[in-house]
Amino acid sequence: MKKIMSWLMLVVTVSVALLGGFAQPSHAATATTDDSLARVKEKGTLVMGTSPDYPPYEFLVNRGGKDRVVGMDVDIAKKIAKDLGVKLVIKQMDFDSLLVALETNKVDMVISGMSPTPARQKSVDFSKVYYKGGQSIIINKADKGLYKNKDSFRNKAVGAQTGSIQYNLGKKQIKGSTVKGLAKISDLILALKSHKVEGVIMEEPSAQAYVDNDPDLAMIDGKFSLGSGENNTAIGFKKGSTSLVNAVNKSVDEINQKNLTKTYLKHAGTFMKTNAKNTSMWHYAGYFVKGVEYTLLITVVSVFFGILLGILFALMRLSKMKLIHGLGVAYIEFVRGTPLMIQVMFVYFGIGLFINIPALIAGIIAVSLNSAAYVAEIIRGGINSVAKGQTEAARSLGLSRQQTFQSVVFPQALKNIWPALGNEFVSLIKESSIVSIIGVTDLIYQLKAVQTATYKGVIPIVVAMIIYFVLTFSLSKVLNHYERKMKHDA
């Protein structure tokens, strides 16, 4: 117990020393010329952004306990990278984050079954169309006689992927319907099976993939009125990337000549058959193990920096200097007043405009900064809970202000705040799951991956729920042990 207190007091000393200013980085002026192709060749990598939950375009397969992104779009990206003479790097994230990643230079291109609609073309450059397909609606097989096309869903609830063309089609062309948007296709299928929605709008090849691998599902032609680009699939690039688009178009021309359906789609189908052979959770244990590793890593590092920064901001808020006090209050109130998901996206995408922060580091930074605000309030409350008489008595005995805080105030405050501090640590294990939105492969991300690979919705959720319970219950027992020890030492 004394070692813990000594360590925390060291943190306090360091925190006080850090109350100076923070230097702001300088930023280079944005280049006005198109060097998109030159930059890719100079760094030697072509970064592809994708949401791998859309078979046969892009999805995950299990190889020796490790997940691997495969599919028609991945094979196309490999050809493009080979033609450019660079290495392909794949970044995974939610579909509705892909265009933000493109804008903030997190990726060089987006290949994720994306349609080059006029609205998207205003802010994104697209390659030539590499695939044309229809728009279908997946339904429960038991309801096959009830639904014929999009008009059958009038005043019904339908689902579509957030940020997709299918979401807009449902909103505009199904009268009186409620369109529920979810980030992952696996979640939409689960919503369909649990009758939260009556149908899921999906591009024809992907819809066929789910129907072929799930006997409880059926597919109908949506018969949507499709405008320019809404029936096509192309590759997205940051606006102004003309040289890179022109180079990629040469590869797209060759792909079309090779008959994409008989080559790339056929190859993707072999992986889908492999996934369907063994859908037991034990077969995908490696996914969950990897998810636990990342979840614990994020939690442990965030707890450390959360305490360090929490003490710093608690002292700032308790400071009698108006400027320092004001800054402490402003930080704590701002962080507590904004959602963690927005903070994660801001650190990864917003700061990413100037500094290229990896997804894992961005997630740790955001969770640490968020936790620090709550820890600061817990620590401040603990310090204020110590009676002023304790401080006065210590000072009257000749103890300095630092000695009084270290030997009298802080030990009593720590005992008072330990349960609340422990609760914050337990909550952090669960709250860290939000980093999955930027592609960090934590437990929630792996849960989605297993759902996509196995075409099962509920069982992976149950497994993840049990794992989270074991983690939080174990931590609670450890914290309770130290709480009892503190009471015993009192």
Side-chain angles (χ1 to χ4, degrees), residues 1-19 296 298-320 324-325 327-337 340 367-395 399-432 471-490:
M1 199 62 237
K2 290 182 179 179
K3 290 183 178 180
I4 294 176
M5 289 186 182
S6 299
W7 180 82
L8 289 174
M9 285 310 305
L10 176 62
V11 171
V12 172
T13 305
V14 174
S15 299
V16 174
L18 290 175
L19 285 176
L296 290 177
I298 294 167
T299 301
V300 170
V301 177
S302 298
V303 163
F304 174 78
F305 286 105
I307 292 176
L308 177 68
L309 294 172
I311 293 174
L312 171 65
F313 286 111
L315 293 174
M316 288 176 68
R317 185 156 189 174
L318 290 169
S319 174
K320 294 181 180 180
I324 293 178
H325 172 79
L327 289 174
V329 171
Y331 175 84
I332 291 170
E333 296 302 328
F334 180 79
V335 171
R336 293 172 69 197
L340 177 56
V367 174
S368 298
L369 293 175
N370 181 273
S371 178
Y374 292 92
V375 171
E377 285 297 270
I378 293 171
I379 293 174
R380 183 178 70 90
I383 293 173
N384 287 336
S385 69
V386 179
K388 291 184 179 179
Q390 298 285 327
T391 303
E392 293 172 354
R395 295 303 301 275
L399 273 69
S400 66
R401 181 172 297 179
Q402 182 178 348
Q403 289 173 330
T404 299
F405 184 82
Q406 181 176 349
S407 302
V408 179
V409 176
F410 189 74
Q412 294 184 63
L414 183 60
K415 292 174 185 177
N416 294 338
I417 67 175
W418 188 259
L421 207 56
N423 185 63
E424 171 65 17
F425 299 159
V426 172
S427 297
L428 207 58
I429 292 178
K430 297 175 287 183
E431 291 173 357
S432 63
L471 293 176
T472 56
F473 183 76
S474 300
L475 179 58
S476 296
K477 287 299 181 183
V478 172
L479 293 170
N480 290 340
H481 167 74
Y482 282 103
E483 183 179 353
R484 289 191 299 269
K485 193 171 182 180
M486 284 182 189
K487 292 180 178 179
H488 177 74
D489 294 340

Handout entry: Distance-minimising heavy-atom pair for Gly328 and Met316
Key = N-CE, 3.8 Å
Completion exercise
In terms of heavy-atom contacts, His325 and Arg317 come closest through ND1-O, 2.5 Å
Exercise for the section: Could you grab the distance from atom CG of Leu421 to atom CG of Asn416, nearest 0.5 Å is fine? Expected result: 12.0 Å
Exercise for the section: Using a 4.5 Å cut-off on heavy atoms from C-beta on, say whether the side chain of Asn423 contacts that of Ile378. Expected result: no
Practice task
For residues Ala372 and Tyr331, report the shortest heavy-atom separation together with the two atoms involved.
Solution key: CB-OH, 4.3 Å
Fill in the blank from the handout: Heavy atoms of Ser371 and Leu428 approach each other most closely as CB-CD1, 3.9 Å
Fill in the blank from the handout: One should read off an interatomic distance between Phe313 CZ and Leu308 CG, to the nearest 0.5 angstrom, of 10.0 Å
Exercise for the section: Any chance you could measure Leu312, atom CG, to Phe305, atom CZ, to the nearest 0.5 Å? Expected result: 13.0 Å
Problem - Heavy-atom pair with the smallest gap, counting every atom of Ala376 and Ala314 - result: O-CB, 3.4 Å
Problem - Nearest heavy atoms of Leu479 and Phe425, plus distance in Å - result: CD2-CD1, 4.2 Å
Handout entry: Rounded distance [0.5 Å steps], CD1 in Ile379 versus CD1 in Ile307
Key = 7.5 Å
Handout entry: Whether Ser432 side chain and Ile429 backbone form a donor-acceptor pair below 3.5 Å
Key = yes
Exercise for the section: Side-chain contact test, heavy atoms from C-beta onward, threshold under 4.5 Å: evaluate it for Asn384 versus Leu318 and give yes or no. Expected result: yes
Fill in the blank from the handout: Separation between CD (Glu424) and CD1 (Ile417), nearest 0.5 Å, reads 11.5 Å
Problem - Note, Glu431 side chain near Val367 side chain (heavy atom, < 4.5 Å) - result: no
Handout entry: Donor-acceptor contact below 3.5 Å, side chain Asn480 vs main chain Ser476
Key = yes
Practice task
To the nearest 0.5 angstrom, please state how far the CG atom of Leu327 sits from the CD1 atom of Ile332.
Solution key: 11.0 Å
